[in-house]
> 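Supplied in structure tokens, the structure appears directly below.
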Number of protein chains: 2
Amino acid sequence: MSDKKKQIIDAATKSFSLFGYKATTMDQVAKMAKVGKGTIYTFFKSKEELLEDIVSSVISEIKREADAAIDHRLPFNENVQRALQRIFTFRKEHELTIKLLQEVRDIGTPAVRDVMKRLDREMIAYIREKIEEAMAKGEVRSCDSELMAFLMFKMYIALNIDWGKEHEPLSQQKIAELFDLYLLKGLSP
Amino acid sequence: MSDKKKQIIDAATKSFSLFGYKATTMDQVAKMAKVGKGTIYTFFKSKEELLEDIVSSVISEIKREADAAIDHRLPFNENVQRALQRIFTFRKEHELTIKLLQEVRDIGTPAVRDVMKRLDREMIAYIREKIEEAMAKGEVRSCDSELMAFLMFKMYIALNIDWGKEHEPLSQQKIAELFDLYLLKGLSP
DNA sequence: AAAATGACTAAATGGACAAATTGGTCAACG
DNA sequence: CGTTGACCAATTTGTCCATTTAGTCATTTT
């Protein structure tokens, strides 16, 4: 990748993280990246595509991190939980995802909504892969992997994020227990 | 309840259902109810309280309907599903709840957000009661009933509402199966 | 020639101000 | 005493106009 493209991506990432997508101007990105504004448009056809590219990188990074959390000697239920935990820890701790999610909640910028929806879909697709691998190995019984991944994702959000809004947040340990008891029990072969 | 109060409640319910909370004016309600505007304020201290009272009635109505769906000769898992099904069918089919939920999504009117949050909390409390009754009878193993009710509620939303946004909606039968397999299995004594 | 640039444009946004609307009150009424 | 609608303060809406912004492209730089 060219030097200038990297500078642009770095600058935009920093600005999106700091001010959000809407409040970031292309002039600002150009200045921070120390390039002319026109240069940005030789690499990206619009502001929206710039965001999409950056979020694609984030998605790859999250998948890499989730993969790193997986230990193939451990059973499926343990691994899927480790992966989910990493995914949501990332979302909660990385400035860019924090800022973008906040922007969706507070302003509802359509471009950001779309891109965060894609992030969700990709995370579900990732979990789905893991389920299918486990199914192939006979670690879990056969099931609709898309639906199962969707359910795991939603349940994790419920436990990890939603519950904490009106109650004392659950420990990772407690979440793991519940996950095991209620969701994974039904999956055992 | 006085005649005039009923007229006011009926008019407001109709107007909220038709135009939403924000787009309903107190003058309009007064006119529809064929009373002076001041009369409204002898029964309700504000527009918000009028909404709250109406939603309280809706909550009671939903609970009554859910209760009617329960058959004490059937096992817990069957009954809890029947109740949940009724609850969400109500939300999807009644003009008032449809309009108010739409208003929260599209405009985010704070008063409506608050009142719909309360509706959710009350539904969870209702499910919680059913769980505790079942626990007392030994139909399900002992557990944190609040947490369990919360999980059931969230899972039902995921299956009944969220899944359908990006996939072919699930049949009630399929939802029941999944519910049984994944959530209720972990609850069996 | 290819890559980079920033002045430029059309469109969107925001601010300031007036006009209209609305939730809530209360003196008067029957 | 229950009811009312004219009235008020406050918010919302409509309307300018100035500013800002995403995106383009003729020109410059390499």
> Does any residue of residues 40-50 of chain A have a heavy atom under 4.0 Å from DNA chain D, and if so, which ones, in number order?
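Residues of residues 40-50 of chain A that come under 4.0 Å of DNA chain D are, in numerical order, Y41(A), S46(A), K47(A).
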
> Tell me yes or no: between the side chains of T97(B) and R91(B), is some donor less than 3.5 Å from an acceptor?
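Looking only at side-chain atoms, R91(B) and T97(B) do not form any donor-acceptor pair under 3.5 Å.
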
> Under the side-chain contact (heavy atoms from CB on, under 4.5 Å) rule, collect the residues that match up with K14(B), sequence neighbours excluded.
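K14(B) satisfies side-chain contact (heavy atoms from CB on, under 4.5 Å) with M32(B) once adjacent residues are dropped.
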
> For a quick check under 3.5 Å, do Q85(B) and Q81(B) share a side-chain donor-acceptor pair by atom type?
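No donor-acceptor contact under 3.5 Å links the two side chains.
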
> Nearest to the side chain of K37(B), which nucleotide is it out of dT5(C), dA7(C), dG23(C)?
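Nearest to the side-chain atoms of K37(B), counting from C-beta on, is dG23(C).
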
> With a non-hydrogen cut-off below 4.0 angstrom, is S2(B) in contact with a base, only sugar-phosphate, or nothing?
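No contact.
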
> How many whole angstroms separate atom NZ of K22(A) from atom P of dA22(D)?
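Rounding to the nearest Å, NZ of K22(A) and P of dA22(D) are 11 Å apart.
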
> In terms of side-chain geometry, is the basic nitrogen of K99(A) or E103(A) positioned less than 4.0 Å from the acidic oxygen of its partner?
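Not counted as a salt bridge, because no side-chain N and carboxylate O are separated by less than 4.0 Å.
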
> Between D53(A) and K45(A), does any NZ, NE, NH1 or NH2 come within less than 4.0 Å of an OD or OE carboxylate oxygen?
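D53(A) and K45(A): not salt-bridged.
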
> Could you check how far CD of Q28(B) sits from P of dG5(D), rounded to whole Å?
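Distance check: Q28(B) CD to dG5(D) P gives 16 Å.
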
> Could you tell me the separation between the NZ atom of K31(B) and the P atom of dT4(D), rounded to a whole number of Å?
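Checked: the NZ to P distance equals 14 Å.
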
> Holding to side-chain contact (heavy atoms from CB on, under 4.5 Å), I want the full list of residues that pass it with E95(B), two or more places apart in sequence or in another chain.
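S17(B), L18(B).
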
> NA contact type, T39(A), heavy-atom cut-off 4.0 Å: base, sugar-phosphate, or nothing?
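Base, at least one base heavy atom under 4.0 Å.
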
> Given dA22(D), dT3(D), dA4(C), which nucleotide is nearest the side-chain atoms of K4(B)?
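The nucleotide sitting nearest to the side chain is dT3(D).
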
